[in-house]
Amino acid sequence: MRIWSSEHTFDHEWETVAMAAFKKYPNPLNRAVTGIDVVKQTLEAGKILTERIIQSHFSIPSWATKLTGFSGTQYSHEYTVIDPHRKEFSLTTRNLNGSSFLRVDEKLTYKPDQEDPNKTVLKQDVIGRQGVEWVIDHLKKEYEAISTKLHDI
């Protein structure tokens with residue numbers, strides 16, 4: 001199930017955008033990323049394949065940690081395929097925290113603009129698992145149960 005999709009056009013050539021996207025962390029605009037580990041990097045059929053684990057830390061209030069169980073530390077698996085001959089760069093990120101049906105995948109694809117090769121188009125898709133709907137249904141039921149108890153007081 002696709003949650004949302006968007007496109008953005010960079011006013012830069014594909015090579016520049018692809019290199020910047022691959023080297024995007026660390027940077028001062030996203031201080032949440034606290035660690036990057038390269039798990040595997042190979043060259044297959046002229047494509048560069050890379051797997052990385054990205055650690056991020058978000059400051060969240062203690063009450064939110066108690067409510068959700070999320071400590072603020074997030075781990076993600078990032079898989080990239082860079083095809084310099086076709087000028088395609090794809091990056092898929094999967095959240096590793098939580099149960100498997102709660103995970104959300106993000107897929108980014110960078111390609112030259114078909115109308116202007118001096119520009120690069122980024123397509124971003126966020127895809128949710130089936131379990132997200134299940135969780136939403138259960139959250140609604142929990143809310144209704146709490147509301148009923150509060151109403152009875």
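Quick caveat: nothing in here was measured; it's all calculated off a predicted structure. Excluded from the calculations below are hydrogen atoms, water molecules and symmetry mates; all remaining heavy atoms, backbone and side chain alike, are included.
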Are side-chain N/O atoms of Ser76 and Asn95 paired as donor and acceptor at under 3.5 Å?
no

Can a salt bridge be assigned to the pair Arg94 and Asp105 using a cut-off of 4.0 Å between side-chain N and carboxylate O?
yes

About how many Å separate OG1 of Thr80 and CG of Leu108, when rounded to the nearest 0.5 Å?
11.0 Å

Just verifying a value: how many Å separate Glu78 CD and Ile53 CD1, rounded to the nearest 0.5 Å?
9.5 Å

Spell out, as yes or no, whether a donor-acceptor pair under 3.5 Å connects the side chain of Asn27 to the backbone of Leu29.
yes

Could you check whether any side-chain N or O of Thr16 sits under 3.5 Å from a backbone N or O of His12, counting only pairs where one atom can act as donor and the other as acceptor?
no

Determine the minimum heavy-atom distance between His85 and Gly46, stating which atoms define it.
CD2-O, 4.2 Å

Could you state the interatomic distance from CG (Leu49) to CD1 (Ile82), rounded to the nearest 0.5 Å?
9.0 Å

Restricting to non-hydrogen atoms, name the atom on Thr34 and the atom on Arg31 that form the minimum distance, rounded to 0.1 Å.
CG2-O, 4.5 Å

Just wondering, are more than 12 heavy atoms of other shown residues or ligands nearer than 6.0 Å to CZ in Phe58?
yes

Atom of Asp83, atom of Trp14 and distance for their closest heavy-atom approach:
O-CH2, 4.0 Å

Here's a test for you: under side chain to side chain contact (heavy atoms under 4.5 Å, CB included), which of Asn30, Val33, Leu91 qualifies with Lys24?
Leu91

Would you compute the distance between atom OG1 of Thr120 and atom OH of Tyr110 and round it to the nearest 0.5 angstrom?
10.0 Å

His57 and Thr73: side chain donor to acceptor below 3.5 Å
yes

So, taking the atom named NZ in Lys111 and the one named OG in Ser90, what distance separates them when rounded to the nearest 0.5 Å?
9.0 Å

Minimum heavy-atom separation for Gln41 to Phe22, with atom names?
NE2-CZ, 3.8 Å

Are Lys119 and Glu13 ion-paired here, with the side-chain N under 4.0 Å from a carboxylate O?
no

Consider only side-chain N and O atoms of His77 and Glu51, and report whether a donor and an acceptor are under 3.5 Å apart.
yes

Does the side chain of Gln124 pick up a donor-acceptor pair with the side chain of Glu7 at under 3.5 Å?
no

